[in-house]
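Values below: all heavy atoms of this structure, side chains included; hydrogens, waters and symmetry mates excluded. A, B, ... follow the sequence lines: proteins, then strands. Residue 1 opens every chain.
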Amino acid sequence: MAAPSLAVDLAPGNPRELVLANPVIAASGCFGYGLEYAGVMDVQRLGAFVSKGITPKPRSGNRMPRITETPAGMLNAIGLQNPGIRGFVKKYPKIWDAWKVPAIVNISAESVEDYAMMARILDELPGVAGIEVNISCPNIAAGGYCFGWDAAMSADVTRAVRAATTLPMMVKLSPGAVDVVSVALAVEDAGADAVSMINTLVGMAIDVRTRRPVLANATGGLSGPAVKPIALRMVYQVAAAVQIPVVGMGGIMGLDDALEFFFAGASAVQVGTAVFAQPGMLIRLIDDLGEWLSSQGVGSVQEIVGAALPAGLPSRRAATEADVEIDFAAAVAAG
Amino acid sequence: MAAPSLAVDLAPGNPRELVLANPVIAASGCFGYGLEYAGVMDVQRLGAFVSKGITPKPRSGNRMPRITETPAGMLNAIGLQNPGIRGFVKKYPKIWDAWKVPAIVNISAESVEDYAMMARILDELPGVAGIEVNISCPNIAAGGYCFGWDAAMSADVTRAVRAATTLPMMVKLSPGAVDVVSVALAVEDAGADAVSMINTLVGMAIDVRTRRPVLANATGGLSGPAVKPIALRMVYQVAAAVQIPVVGMGGIMGLDDALEFFFAGASAVQVGTAVFAQPGMLIRLIDDLGEWLSSQGVGSVQEIVGAALPAGLPSRRAATEADVEIDFAAAVAAG
Amino acid sequence: MVELDPILDVDLVGAGGVVVRAREFDSRILAVEPVMGDSALLTLSLPPGMAGSLRAGQFVDVLCRVEGSYDPLLRRPYSIFRADSRTETMQLLVRPYGRGSAWLASRPVDTILDVLGPLGNAFHIHPRSRNLLMVAGGVGAAPLVMLTDHALADGRNVTYLMGAADADALLPTSYLPSDVEYGVATDDGSKGHRGFVTDLVPEYLRWADQVFACGPEPMFRSLRSVSSAHRLGGKPRIQVSVERTMACGLGACLGCVVETKHGMQTSCVQGPIYDMDEVIW
Amino acid sequence: MVELDPILDVDLVGAGGVVVRAREFDSRILAVEPVMGDSALLTLSLPPGMAGSLRAGQFVDVLCRVEGSYDPLLRRPYSIFRADSRTETMQLLVRPYGRGSAWLASRPVDTILDVLGPLGNAFHIHPRSRNLLMVAGGVGAAPLVMLTDHALADGRNVTYLMGAADADALLPTSYLPSDVEYGVATDDGSKGHRGFVTDLVPEYLRWADQVFACGPEPMFRSLRSVSSAHRLGGKPRIQVSVERTMACGLGACLGCVVETKHGMQTSCVQGPIYDMDEVIW
Ligand SMILES: Cc1cc2nc3c(=O)[nH]c(=O)nc-3n(C[C@H](O)[C@H](O)[C@H](O)COP(=O)(O)OP(=O)(O)OC[C@H]3O[C@@H](n4cnc5c(N)ncnc54)[C@H](O)[C@@H]3O)c2cc1C
Ligand SMILES: Cc1cc2nc3c(=O)[nH]c(=O)nc-3n(C[C@H](O)[C@H](O)[C@H](O)COP(=O)(O)OP(=O)(O)OC[C@H]3O[C@@H](n4cnc5c(N)ncnc54)[C@H](O)[C@@H]3O)c2cc1C
Ligand SMILES: Cc1cc2nc3c(=O)[nH]c(=O)nc-3n(C[C@H](O)[C@H](O)[C@H](O)COP(=O)(O)O)c2cc1C
Ligand SMILES: Cc1cc2nc3c(=O)[nH]c(=O)nc-3n(C[C@H](O)[C@H](O)[C@H](O)COP(=O)(O)O)c2cc1C
Ligand code: FES
Ligand code: FES
């Protein structure tokens, strides 16, 4: 039998397409700019990687401590330390341009205009394969209310970025939204080529000795295996509703976790925190996935995407079936 | 030095008061009706316990499987199996009436009227020390949208229960709300004596062999150490805003976790999942807390409540300082 | 909808009539024997007085993690394989399957385990039953060994049938009392009958006064189908030990329920032993 | 706001000029010696060729959990205590403190560990430095032992000062080369000076060409204050090994930064060794 196909296009509706050799992507903030891990693994074998979040201006980030461990998870409050879009552009894209692996740039901002400004700068930049729009940021114009919690605000950002670039664009959803499906449908409608999910959940730890928050920023983003059940539920809900590809992440530590996300409807997966614990896992995951598909006699990873969805993927259903009502029941705990 | 005081009143604004000998409470759904654990521990030593969620009609619950383990956590979709308010009333309160430990009844319903109906039945029942109102339930009148996600709907339930009973009433907040502080302020305003938090987060697990959700109900509620950082952050936010006592829970496994919740502003704690893993822990926690307070020279557990809050507890601040604006920043992830 | 009747009393009456409450206790691993391929037979210390009151079919819930780690979080239930009141010990048969069991099966001697038990109801031998048939699949062998011990002590006759993947995975004869008739089946035919253990059952159904079975769900399915034609008026009665994921082990969480003709029952307290015909499969 | 300059090259040049890349490798525990009270000195196997290229001050990141458990999740950094290129081994000094270290310090011989390393920069001995002063607090002793070995091999003079809670918690003389001057301080006065190790520092500041320190933050604070009056024009220079919670160990997560006069630096790649005067404390 031929080796199974691992390839996936994360922007099937975009002429500039975003074809990955395999569906394993290193997640934003956990892989620096790709170079940091070049010494410990063959970065070129990845499906893609996403850069640390870039902002309009350079940021020195939050005070220390910025990270702390929690049960089967971690909290981070890096505070988007990065050289700013201009510093970034001078340095990394030209290095990536010589690379085989697609590099996706994660952008964060506090106003719709700033998102659009960054997208314009990235639009024709050699070395940049796509954009991931991080909408888990406070909207200054809305008193700090997070863009990603609100469908209309999320759609505004998406539309502005879409108008500024034809690059493949993935919008990264916030798990803080009360109804992540509405947000996903809104950004799909506003022109996103794909959605990625989930970003971190906001959490906290307190130092029992000092009686103060462990993190200098008090709160931080929770990631790692602890959040996997939540991430998987959200992917399952969103994948049942949108037609564009869903990129799943949150606590993936190996093949079984990745398979859960594929079955829930993710066309590709991102791996963040696990890379810290076991950098070798990323490449092993690609190999394990290929072997598993062969062992199951599956010709392409895309065949298993959405296997757990009762009605399958909307993009594969007849148009008339595709109008799914939002099912709140899936999101109400039934203790 | 005298032994430190562990006592707490969870309904200081209510003439019927809810005074617990210590701030350690067994959480709803994890302690049956108190009788199940009577064989393995001295249940009478607890500060209180909360019954399994009671509903207007008997429920046989969800199909099996109903529980599954996740990294440092568990998912449950019991589906509120219970004998219904009438079956419940016939059996348990008369047993509890002879007990020293206060019994709190957890009520769940799908309409405001049903909550009120149950509260009326419980109002003067000997053996019932208080009510915990579980608002993480779908509101049938709102198309299944969860009461606890919406401040107005949460307030409606609270007001209706308040009108139906003078019993001490604790409203149990849902972590699914986009802004849990607004919900807390709304239920405080509507007459809740205390808020308890958090209920489970909605999650999912997929069986890699069958490619289907592990739970028959597909999704379930996530609890245990995995959720502790999220619970703690929400308690910290809410305790900074409301004047009524906050009862904290979510992943408490021992003294250090409980202290984190006290420092974050919880006046008492509930313990759920940990009881499954180590039933002996509940009583140990009471003893450990007393010893820790002595070792620190603290006379009363209430002295440490809110120690991590930058501005302290609102109920202890002068009235003019108490108007705190909602600070979204604490709830926006800063990767 | 079936109304639940939660259990009010978790007291368990031991074989000698003693009331045994479930307890959380520290237990030391005294010995580890490799058995049945990759499984391990652990000998564990018990609190004084407990061993004699344990009944066949009961189980204990073991915390399978080191202190300071919360993953895996929940306990794992294991049937009691044998108990010895002289040495105040019990044995558990652990097959390394997933996270918890792999950890437990590889613990060195002297490890202290956090154990909750005894839990659950027990197999019930009718006073007039002379001939007992045991049907074991894989590690389902465990509770039937203890039941066999007790039955023989009472002077009954026991036929013990066991099925496994191959000869290696069978319980060696040395672990069974010598006066038991032992019949085996293997998937690959490397020992005994080639096929399912349940294939062997029909020829004993006339002889047996009662049947006791423990194994995976598919074994029960096949037991139901092979036996249906040979049982008259539901005789002989068949008791089975069912397996459900458990959280509390004490009837509190309602996570482990079994639907029976008498309503939803908690398999950790009202089970794990059920009359096969009473369960709604 | 300080602009970050992320590191582009994680290659590390070993002592012999060999380029050593950080690798994730399996390492076997070959020996465990109790030392300094409840700490453990672990001897670990290394991939061929690595030992000789390790430099004093570098560290490795160890996964402190069993397979199948994700708690604790992250690796723990440990300084290299000693490396031996003949036996292709290194030693780590582990003080059981919290979840990770307690697990690691109690691993039996033959345990296979998942190790990432070597990581970080190294202490730098100036070619013209003759007299080196080491200042160790508790397990901070570790990297200074390797540095002492290297310094003596190059024919320099070393004074090694160590502080601990009591005599038991001191590194025994037998673990240091005999031609080292060893001065000790204990909190309870059970051995050497009663008080802080930093109390001993001033009398050596004239003698020393360079100072190297590793220990808890309070030790650095006291080192800064006791030395300030005795140092002229910032001489002797003082290098310190700083401790930050780490996630990646490779400069990717920006969780471990140290603010320096040259901007925010990742202590896992651009540290953990810093010139004390360059750090903004
Ligand atoms: C009454 C009873 C008696 C048993 N007796 C034995 C015995 O004698 N010998 C033996 O080897 N096994 C026995 N088991 C099975 C045992 O409890 C474990 O399920 C098995 O060891 C696999 O656990 P694991 O952690 O290795 O697997 P995991 O990898 O954790 O899980 C494998 C499967 O077990 C399920 N599971 C997870 N947690 C639990 C839990 N707390 N309880 C039950 N299942 C869970 C998961 O959902 C998953 O489907 C018994 C089970 C029950 C209910
Ligand atoms: C460069 C460097 C070298 C070190 N060398 C040694 C050494 O030679 N010997 C030694 O005993 N210790 C050394 N440490 C400390 C060691 O890494 C651990 O922090 C220590 O063993 C406690 O970990 P724990 O898991 O036992 O504690 P925990 O109970 O997990 O945590 C205790 C504290 O450590 C913090 N912590 C959690 N995760 C990490 C992490 N991944 N990295 C660092 N801190 C964390 C927590 O925030 C907490 O405040 C070194 C640390 C660094 C940064
Ligand atoms: C240290 C750290 C930094 C992160 N920085 C960013 C970021 O800059 N932009 C972003 O969109 N997500 C960021 N994330 C979120 C991750 O990309 C990912 O969404 C999340 O960690 C969940 O996946 P995981 O559990 O595999 O880590 C960061 C996560 C971590 C742990
Ligand atoms: C098996 C199970 C059943 C539960 N049933 C209820 C319930 O009936 N009503 C309710 O308000 N909360 C219920 N909960 C939620 C708990 O009371 C608690 O809010 C949650 O588990 C978080 O705390 P923990 O991490 O300590 O378990 C249940 C939780 C579990 C694990
Ligand atoms: S395991 Fe909780 S009721 Fe049986
Ligand atoms: S630990 Fe990640 S940058 Fe240093």
Student: Does the pair D:R75/A:E69 count as a salt bridge with the N-to-O cut at 4.0 Å?
Tutor: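 Salt bridge absent between D:R75 and A:E69.
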
Student: Closest heavy-atom contact between A:E36 and D:G251?
Tutor: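 For A:E36 and D:G251, the tightest heavy-atom pair comes out as CG-O, 3.5 Å.
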
Student: What I'd like to find out is whether the side chain of A:M41 reaches to under 4.5 Å of the side chain of D:E24, using heavy atoms alone.
Tutor: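 No, too far: nothing below the 4.5 Å cut-off.
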
Student: Spell out, as yes or no, whether a donor-acceptor pair under 3.5 Å connects the side chain of A:R66 to the backbone of D:L254.
Tutor: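 At least one qualifying donor-acceptor pair exists.
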
Student: So how far is it from A:M281 CE to D:D114 CG, rounded to the nearest 0.5 Å?
Tutor: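 Those atoms lie 12.0 Å apart.
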
Student: With a 4.5 Å cut-off on side-chain heavy atoms, are D:C253 and A:N76 touching?
Tutor: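 Result no, sub-4.5 Å side-chain heavy-atom pair not found.
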
Student: Heavy atom to heavy atom, less than 4.5 Å: which residues from residues 239-247 of chain D reach chain A?
Tutor: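 If one takes a 4.5 Å heavy-atom cut-off, the residues of residues 239-247 of chain D near chain A are D:R244, D:T245, D:M246, D:A247.
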
Student: Select one option (side chain, backbone, both, neither) describing which atoms of A:P65 are under 4.5 Å from chain D's heavy atoms.
Tutor: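 Neither part, no heavy atoms under 4.5 Å.
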
Student: More than 12 heavy atoms of other residues, nucleotides or ligands under 6.0 Å from CZ of D:F25: yes or no?
Tutor: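 Buried by this count: over 12 neighbours within 6.0 Å.
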
Student: Would you indicate whether the side-chain heavy atoms of A:R63 and D:V257 approach each other to under 4.5 Å?
Tutor: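 No, their side chains stay 4.5 Å or more apart.
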
Student: Rounded to the nearest 0.5 Å, how far apart are OG1 of D:T266 and CD of A:Q81?
Tutor: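 Rounded to the nearest 0.5 Å, the OG1-CD separation comes out at 9.0 Å.
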
Student: Where does D:L116 contact chain A at under 4.5 Å (heavy atoms): side chain, backbone, both or neither?
Tutor: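 Only the side chain of D:L116 comes within 4.5 Å of chain A.
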
Student: So which residue, A:A77, A:G73, A:P279, A:C30, ends up with the most heavy-atom pairs under 4.5 Å with chain D?
Tutor: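 If we count pairs closer than 4.5 Å to chain D, A:P279 comes out on top.
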
Student: Would you check if D:R23 and A:V40 make a side-chain contact, meaning some heavy-atom pair closer than 4.5 Å?
Tutor: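 Contact flag for D:R23/A:V40 side chains = no.
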
Student: Quick one: CG on D:L250 to CG on A:L35, what's the gap to the nearest 0.5 Å?
Tutor: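 Separation between the atoms: 12.0 Å.
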
Student: Side chain, backbone, both or neither: which part of A:M74 has a heavy atom under 4.5 Å from chain D?
Tutor: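 For A:M74, the contact with chain D is made by backbone and side chain together.
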
Student: Below 4.5 Å, heavy atoms only, C-beta onward: do A:Y37 and D:C248 meet side chain to side chain?
Tutor: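 The answer is yes; the side chains approach within 4.5 Å.
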
Student: To the nearest 0.5 Å, what is the distance between OH on D:Y70 and CG on A:D257?
Tutor: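 The OH atom of D:Y70 sits 5.0 Å away from the CG atom of A:D257.
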
